[in-house]
**Q** 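Sending over a structure as C-alpha cells; questions will come in a sec.
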Protein chains: 2
Amino acid sequence: MRFITIEPGIFMQKFQPLIDYINRIVSLTEEEEKLLVSHISYRKLRKGQYFLQQGDICKFSGFIVSGCTKTFYVDDEGQEHVIMFAVEDWWTSDMGSYIAQKPADYNVQCLENTELIQFSYEEQDLIMREIPKLERFFRIIVEKAFVASQKRIVRNFSMSAKDRYLYFSSQYPQMEQRIPQYMIASYLGITKEFLSKIKRQLLLDQ
Amino acid sequence: MRFITIEPGIFMQKFQPLIDYINRIVSLTEEEEKLLVSHISYRKLRKGQYFLQQGDICKFSGFIVSGCTKTFYVDDEGQEHVIMFAVEDWWTSDMGSYIAQKPADYNVQCLENTELIQFSYEEQDLIMREIPKLERFFRIIVEKAFVASQKRIVRNFSMSAKDRYLYFSSQYPQMEQRIPQYMIASYLGITKEFLSKIKRQLLLDQ
DNA sequence: AAAATATGTTAAACTAGATTAACATTTATT
DNA sequence: AATAAATGTTAATCTAGTTTAACATATTTT
C-alpha cells in the first residue's frame with residue numbers, strides 16, 4: 001500500500017480515500033498531498049448525531065469515508081423534507097451556508113455511525129490559493145453537482161412518482177438497502193403511504 | 001469610460017459587461033482582461049434562433065449581454081419542459097453537455113433578439129489554466145448556481161404551485177413582463193390552464 | 001384590413017398523490 | 001422475554017393540479 005512507502009503510520013492512511021478521490025480528477029504531488037493533509041481533519045460521528053443544524057453557520061464541508069448522512073429541511077409546519085443522502089465518497093454540507101457563512105437552511109444528520117474528512121471554510125479557501133490544482137478540483141466537482149441537481153429538477157417535473165422511485169432504486173441500490181423507506185419517500189417528494197402503495201403495485205405487476 | 005483610456009474603439013466596449021461582472025468577484029489586471037478578450041467571442045442571435053439544440057454537443061457557454069433565452073427539454077411524448085430562463089448578466093448553456101462534451105439534453109432558444117459573449121469549451125479550459133483567478137471565478141459562480149438549483153428543488157417540494165408562482169414573480173418581476181405566461185407555467189411545473197386559474201384567484205382575492 | 005398565428009381564459013370531468021387513521025411488523029431497549 | 005420505539009401497510013376519503021375542448025384576445029404577417 002502506497003502510504004506505507006511515503007510515510008509509515010496511520011497518519012496518511014485515514015486521509016487516503018480523499019486523496020484517491022482527488023487524484024482521480026487532478027493529480028497531486030507528494031508535497032501537495034502533505035500540504036493538503038495539514039489543512040484537513042478527521043471526524044467520527046455516531047448514528048443520530050448532527051454534522052450541521054438548521055440555523056447554525058456551516059463551518060465545514062465533509063467528505064464521507066464511511067457511513068451515511070441525510071440532509072433535510074424542516075418547514076414552518078414542522079414537516080421534514082429530505083434534500084439528499086450522502087454515502088462513501090460523497091460530499092455533504094449546506095453549500096449556501098458554507099460559501100456565504102450565513103445561517104444554514106438545512107440539517108445534516110448521520111443515519112449510521114459516520115467517519116468523514118472535513119475542510120473548514122477558511123482552510124479550504126487557503127488551500128485553494130496555495131494549490132491551484134485544488135481550486136480546479138473543486139470547480140470540477142461543483143460543476144458535476146450542479147449538473148446532477150439540474151437533472152433532478154427535470155426528473156421531478158417530467159417523471160411520475162413511480163418512475164422517480166424506479167430511477168432512484170436503480171441508480172442507488174446500496175442506498176435503498178440502508179435508508180428507511182419513509183425517508184426515501186420524502187427524498188422523492190411523496191408520502192410514505194404513497195411509496196408503500198407504489199411498491200406493492202410493482203410487486204403485483206410481476 | 002475606462003475602456004477608452006485603455007484602447008480606443010469598440011473592441012473592449014462590447015466585452016465590458018462580462019469584464020465588469022467578473023471584476024465584481026475577482027479583480028483582473030489590464031493584461032488579464034486583454035488575454036481574456038482574446039479567448040472569447042461576441043454573438044448576435046435573433047428571436048427564435050437556437051443557441052443550442054438537444055442532441056448536439058454544447059460547444060459554448062454564453063454570458064448574456066442583452067435579450068433573453070429559455071432552456072427547455074422535449075420529452076418522449078413531445079412535451080416541452082422549461083428548465084430555466086436567462087436574461088442580462090446570466091449564463092446559459094447545457095452544463096452537463098458542455099463539461100463532458102456529450103450530446104445535450106436541452107435546447108437553448110432566444111425569446112428575444114439576444115447578444116451574448118461566448119466561451120468555447122477549449123478556450124475556457126485554456127484561459128482558466130492561463131489565469132488561475134478565472135478558475136476561481138468559475139468555481140464561485142458554479143457554487144452559486146448549484147445553491148440556487150438546490151433551493152429550487154426545495155421550493156418545488158415544499159411550496160404549492162400558487163406560492164411558487166408568487167415567489168417567481170417577486171424574485172424576477174422583469175422576467176414576468178417579458179416571457180409568455182405558458183412558458184412560465186412550464187418553468188413552474190404546472191399547466192398553462194392552472195396558472196391562469198391561479199392568477200384569476202389572486203386577482204379576486206384583492 | 002384581413003387572415004393567420006401565438007397567447008390567454010374558462011369550465012367540466014378526471015387522476016395522481018395527500019390525508020387520516022387504524023393496524024402490522026421489525027428493531028432496539030430494559 | 002417483555003416492552004417500547006421505529007418503521008411499514010392498508011384502505012377510505014379528499015384535493016391540488018391535469019386533461020380536454022371550446023372560445024377569446026393579442027400580435028404578426030400578408
Side-chain angles (χ1 to χ4, degrees), chain A residues 46-49 68 70 72 75-82 85 109-113 153 155-169 175-205, chain B residues 46-50 68 70 72 74-82 85 107 109-113 153-169 175-205:
Chain A
R46 306 208 61 217
K47 178 173 174 173
Q49 276 192 289
C68 178
K70 73 166 175 183
F72 66 104
D75 71 19
D76 303 331
E77 283 97 50
Q79 283 277 145
E80 264 190 43
H81 301 270
V82 174
F85 302 109
Q109 188 183 22
C110 298
L111 300 181
E112 302 172 359
N113 293 338
I153 290 175
R155 284 197 303 277
N156 290 343
F157 280 146
S158 59
M159 288 165 74
S160 67
K162 179 181 167 185
D163 289 342
R164 274 179 275 144
Y165 166 69
L166 289 171
Y167 178 85
F168 177 82
S169 63
M175 289 196 194
E176 247 228 283
Q177 307 313 312
R178 295 161 77 168
I179 299 169
Q181 193 170 307
Y182 71 94
M183 292 184 193
I184 293 174
S186 173
Y187 171 84
L188 295 172
I190 57 178
T191 59
K192 60 191 198 325
E193 291 84 356
F194 193 56
L195 180 53
S196 186
K197 201 168 168 181
I198 286 169
K199 290 183 86 168
R200 182 183 36 150
Q201 198 50 56
L202 287 168
L203 271 174
L204 292 176
D205 282 356
Chain B
R46 306 208 61 217
K47 179 173 175 173
Q49 275 192 288
Y50 282 75
C68 178
K70 73 166 174 183
F72 66 103
V74 180
D75 70 19
D76 302 331
E77 281 97 51
Q79 283 277 144
E80 263 190 43
H81 300 271
V82 175
F85 301 109
N107 301 277
Q109 187 184 23
C110 298
L111 300 182
E112 302 171 1
N113 293 339
I153 291 175
V154 174
R155 283 197 304 276
N156 290 343
F157 281 145
S158 59
M159 288 164 73
S160 67
K162 179 181 166 186
D163 289 342
R164 275 179 276 146
Y165 166 67
L166 288 171
Y167 178 85
F168 176 81
S169 62
M175 290 196 194
E176 247 229 285
Q177 306 314 312
R178 295 161 77 169
I179 299 168
Q181 194 171 304
Y182 72 93
M183 293 184 192
I184 293 174
S186 174
Y187 172 83
L188 295 172
I190 57 177
T191 59
K192 60 192 198 322
E193 292 84 356
F194 193 56
L195 180 53
S196 186
K197 199 168 169 182
I198 286 169
K199 290 183 86 169
R200 182 182 36 149
Q201 198 50 57
L202 287 168
L203 271 174
L204 293 176
D205 281 355

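Each chain gets a letter, A, B and so on, in the order its sequence line appears, and its residues count up from 1. Everything numeric here is computed off the predicted structure, so don't read it as measured data.
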**Q** A cation-pi test, strictly: NZ or CZ of Lys70(B) under 6.0 Å from the centre of the six-membered ring of Phe72(B) and no more than 45 degrees from its axis. Yes or no?
**A** yes
**Q** When you match Ser196(A) and Lys197(B) each to their closest nucleotide on DNA chain D, which lands nearer the 5' end?
**A** Ser196(A)
**Q** Rounded to the nearest Å, what distance is computed from the CD1 atom of residue Ile179(A) to the P atom of nucleotide dG8(D)?
**A** 11 Å
**Q** Keeping the roles fixed (side chain from Asn113(A), backbone from Arg46(A)), state whether a donor-acceptor pair exists under 3.5 Å.
**A** no
**Q** Please list, one pair per line, the donor and acceptor atoms closer than 3.5 Å that link side chains of residues 157-168 of chain B to other protein atoms, with sequence neighbours excluded.
**A**
| residue | atom | partner | partner atom | Å |
| --- | --- | --- | --- | --- |
| Ser158(B) | OG | Val154(B) | O | 2.8 |
| Ser160(B) | OG | Asp163(B) | N | 3.3 |
| Arg164(B) | NE | Met159(B) | O | 3.4 |
| Arg164(B) | NH1 | Leu188(B) | O | 2.5 |
| Tyr165(B) | OH | Glu176(B) | OE1 | 3.4 |
| Tyr165(B) | OH | Glu176(B) | OE2 | 3.1 |
| Tyr167(B) | OH | Arg155(B) | NH1 | 3.4 |

**Q** Roughly how far, to the nearest 0.5 Å, is the OH atom of Tyr182(A) from the CG atom of Leu195(A)?
**A** 13.0 Å
**Q** Taking CZ from Phe157(A) and C1' from dT18(D), how many angstroms apart are they, rounded to a whole number?
**A** 15 Å
**Q** Please report, rounded to the nearest Å, how far the P atom of dT7(D) is from the CD atom of Glu193(A).
**A** 14 Å
**Q** Can you check whether Thr191(A) has a side-chain N or O nearer than 4.0 Å to OP1 or OP2 of dA18(C)?
**A** yes
**Q** Reckon Gly189(B) touches a base, only the sugar-phosphate, or nothing at all at heavy-atom distances under 4.0 Å?
**A** sugar-phosphate
**Q** Looking at dG8(D), I'd like to know if its phosphate oxygens (OP1 or OP2) sit under 4.0 Å from a side-chain N or O belonging to Tyr182(A).
**A** no
**Q** Please work out if Phe194(B) contacts a base, only the sugar-phosphate, or nothing of the nucleic acid, heavy-atom cut-off 4.0 Å.
**A** base
**Q** Starting at CD1 of Ile184(A) and ending at P of dA6(D), how long is that distance when rounded to a whole Å?
**A** 19 Å
**Q** Between Arg200(A) and dG8(D), is there a contact of a side-chain N or O with OP1 or OP2 at under 4.0 Å?
**A** no
**Q** Measuring from atom NZ of Lys199(B) to atom CG of Leu204(B), what distance do you get when rounded to the nearest 0.5 angstrom?
**A** 13.5 Å
**Q** Please determine if a side-chain N or O atom of Ser160(B) lies less than 4.0 Å away from the OP1 or OP2 oxygen of dA16(D).
**A** no
**Q** I need the CG-C1' distance between Leu195(B) and dA16(D), as an integer number of Å.
**A** 14 Å
**Q** Can a side chain N or O of Gln181(B) be found less than 4.0 Å away from OP1 or OP2 on dA6(C)?
**A** no
**Q** Distance check: side-chain N/O of Arg164(A) vs OP1/OP2 of dG17(C), anything under 4.0 Å?
**A** yes
**Q** Atom CG of Asp75(B) and atom P of dT18(D): how far apart are they, to the nearest Å?
**A** 14 Å
**Q** When the distance from CD of Gln79(B) to C1' of dG17(D) is rounded to whole Å, what number comes out?
**A** 14 Å
**Q** Calculate the interatomic distance between Lys192(A) atom NZ and dG17(C) atom P; express it in whole Å.
**A** 17 Å
